[in-house]
Each structure stands twice: as structure tokens, then as C-alpha cells.
Amino acid sequence: MDINQVMSSLELKHPGEKEYLQAVREVLLCVADVYNQHPEFEKAKIIERMVEPDRIYTFRVTWTDDRGEVQNNIGYRVQFNNAIGPYKGGIRFHASVNLSILKFLGFEQTFKNALTTLPMGGAKGGSDFSPRGKSDAEIMRFCQAFMLELWKNIGPDRDVPAGDIGVGGREVGYMYGMYKKLCNQCDGSMTGKALEFGGSRIRPEATGFGALYFVQQMLAMQGDDIKGKTIAVSGFGNVAWGAVTKATELGAKVVTISGPDGYIYDPDGVSGDKIDYMLELRASGEDIVAPYAERYPNATFYPGRRPWEQKVDICLPCATQNEVSGDDAKNIIANGVKYVAEVSNMGCTPEAIDAFIEAGVIYAPGKAVNAGGVATSGLEMTQNAMHLQWSAAEVDAKLHTIMSDIHTQCVTYGTEPNGYINYMKGANIAGFMKVANAMMGQGVM
Ligand code: 2IT
């Protein structure tokens, strides 16, 4: 495989889709060597097939706001790859959403889902609709209008959407309600549902909890322990909330959270009722963290800045893609941070990742670290198919096993001759090999 040739042909076909091209380049760089050891992959044009989504649905979403004005947004569903199982992946509602971002997310999801050990393909969807400042009634009307288009293309064995940024339990509920109304089936075609209508216990916590189980294993590999460690977390949404909760429970101290307005440094740790307060901040719909420092005066608010300038042991980006730049990485390295685990999807830029690996910082990519979210969605699909509901302990035990399997796959495929574990390489090769073999086994199509 000539990576430059594959990339330049993709750039010609999809000019300006920078996040998508970034995600593809990362995977190709990691898998080139193993790919070249498998001439049968090259013959079947596995790479060329894998980097293009199977199909993309784009639709107009029209709804009426509280003032009676008609609003238009764009909706998308990118069905990327179903070699391993039904398309599976979240829906993102955010003003920044475009096709490049959803294609990068769908591509990443394909490998992440492969790593979970469960039978799920990769997909992603969303809209440029911004939930910021919208009333509950507006959110409901938007979700219903979105599903009015999407329902035709999803199903329990076809494509199973869930939440992502801007889509939580409330939005999933409104979308799934409309889905059921339209097709008159309670078939569990979405995950992240509330407990009362087919949701799984631990699903709201799963991304953050799973990430911390992974981090525990990362540290154990180095003969280290999370207890007593200081952690910088970015974001303050569902994922950050789960991560802060579990990190605190495991005896670490989380000293930062952040929003689009800046970050909070809390020397006493974000713990106890402060974790509940994160949920309150989020529910306000304002998308700012500044009020935390008014409520807890020991904390300092740093407007317009990111938490990566603080001296800590572990960094956990939990906000969004490319939230750790090359310059942030320089700060992180200079501060002596030993571990960076992405909980957001593609949280670090390529410059940041190169700097971490060069400096010997242990870095793990989102597709491994945050896979506990979609894995628990997979467990929700299983419970729905069996028409039963598992206890929290059962789900949590399965989540533990899955995260530990993912960690093992990273170590197996990512350990360098000098002993450094390149988790990015390990995750990409393990995910790639599974998808590639599944595609090979099902013929050319
Ligand atoms: O990025 C992700 O893995 C998610 N947003 C969760 C997807 C899912 O189907 O639960």
C-alpha cells in the first residue's frame, strides 16, 4: 500500500474533509506494515473499500421553535461498515456538525466496535442543530422531526443509533418514542434508552467508567496505581461526569473540568456534591462552567483556556475532537504528565500524539479508551433481544471484562521491541485485522 497515493486520491474525492482525512491517515500509518504482509488484502482492495462509508443519508429537518418560527437543519446518518454486525454508533447534535466530522466518527466507530468483541458495525449520525439554550419542547419537536426521516433506515438488525455530544437520555427518549409511533415496533432500535423502556443499567456511566477501567490497566502495566493520582479532565458532559465519578471512587483526585468558556481548577478535587453539581450545570443548557467557581470559591475559573497547562499525573480529554494541540502536548510533557488517555473521540491532534510517543508518555486513543460506552450499548441490544434486563452488577462485570480484553488487544498488537506500548498502533491494528478478516470472509461487494 502506498499511503500517500491512497491519501491523495481521497483528498481529491473529498476535498476539505479534514477530520475524516486525519482519522484515515492515522489508521493507515498504523496498519501499513501488517497490510503489506497480506497480499490478499491488497488484491481485494480492502483499504480502498474500508475508507469509504457504505452509504450516507442526508436529509432536511424542519421544525417550529417556541416563537412559532420555522427552522431548518441538516440531518445525516453515515452507515460506514457492517462487516461485523449491524451499523452502530451515536448521534451528535452540535452547531459544528458536518459530513467530515460524522465520517471521521463513523470510521473510528468501525474499529472501536470491532475492539469491543461484540458483533457491531460502525456508523454515526447527527445534525448541525444546537441544543444550546433550547427549551425542552423545542428539543422534543426537533428530535421528532429528525426521526421522521431517519426511521426508514434503522432497525435492530440494521442500524442502531444512540447518543453522542448533545444527545443524552432525554433526546434518545424523544427519538425512540417517535420511531415506535412510526413503525409500531418496540424493537430496541436505539440504545441509551431510559430504564423504564428497555435501557440498560450502567449505560449513562459506561463511557467514563470503562475509560477508568482501561486507565487502571494502563497503570498496572507500568507497575503503577491510580490511587492518589491527580487528574486533569476536560469537558463537563455525560462522559466527563462518568470519568470523574469513577476516578474519585478509585481514590484519584480530579482537579479540572472545562467548557467552551474556559476551565475550572479545583485544588480540593471535583468530588462529592460537586459531581452532582456538574449534572446541574449541564442541565441548565447554558454550556458554561464558570458558575462552578462562584459556587465553590476555592476553585479558580480560567476563562478561554484549556486544562492542559496544569501539573497533574494523568490527562483525560473528555470533550471533543482535536482538543489537545501540539502546543498543549508540549505543556503536558513539560509538566511531567505520565499518562494521556483520550476519552473523547480523536481528542489529540496528530502533532500531540507524535510528541507524546516521542517523549515516552503513555498515550491511548479514544477508540480503545472510550469503547465502554458503545460496548454497553451492545449489552443493551442483547438485553432487548432477550426481552430482559440485567442487574447493574452484571452489566458492570461484563464492562470490566470487555475493557480488559480491549487493553490486552492493544498490548498484543502495540508493544514495541523496546517495551513501549504504543496503544494507538495496537488499537488500530487489532481493530483493522478484525474488520479486514470479516470483509474477506464475505466476498467482494
Ligand atoms: O462515540 C461513541 O462510541 C458513542 N457516542 C456511543 C455510541 C453508541 O452506540 O453507544
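Note that ligands are numbered from 1 as they come in the structure, with each ligand's atoms numbered from 1 the same way. By convention here, the first residue in the shown sequence is residue 1. Computed from heavy atoms alone, side chains included, the values below leave out hydrogens, waters and symmetry copies.
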The protein heavy atom nearest to atom 7 (C) of ligand 1 is G90 N, 3.5 Å
I need the atoms of ligand 1 closer than 4.0 Å to a non-hydrogen atom of [X], numbered in the order shown.
X	answer
K124	1 (O), 2 (C), 4 (C), 5 (N)
S377	8 (C), 9 (O), 10 (O)
A162	8 (C), 9 (O), 10 (O)
K88	8 (C), 9 (O)
G163	4 (C), 5 (N), 6 (C)
K112	1 (O), 2 (C), 3 (O)
N345	1 (O)

Taking the side chain as every heavy atom from C-beta outward, state whether [X] and [Y] have any pair of such atoms under 4.5 Å apart.
X	Y	result
M424	N428	yes
V255	D266	no
Y174	M147	no
K246	E205	no
V374	K112	yes

Shortest reach to atom 6 (C) of ligand 1 by a heavy atom, considering only E108, E380, R203: R203
N/O to N/O below 3.5 Å, does that happen between N370 and ligand 1? no
Salt-bridge present (R306, D328; N to O < 4.0 Å): yes
Result of checking R203, K193, K88 against E380 for salt bridge (charged side-chain N to carboxylate O under 4.0 Å, His left out): K193
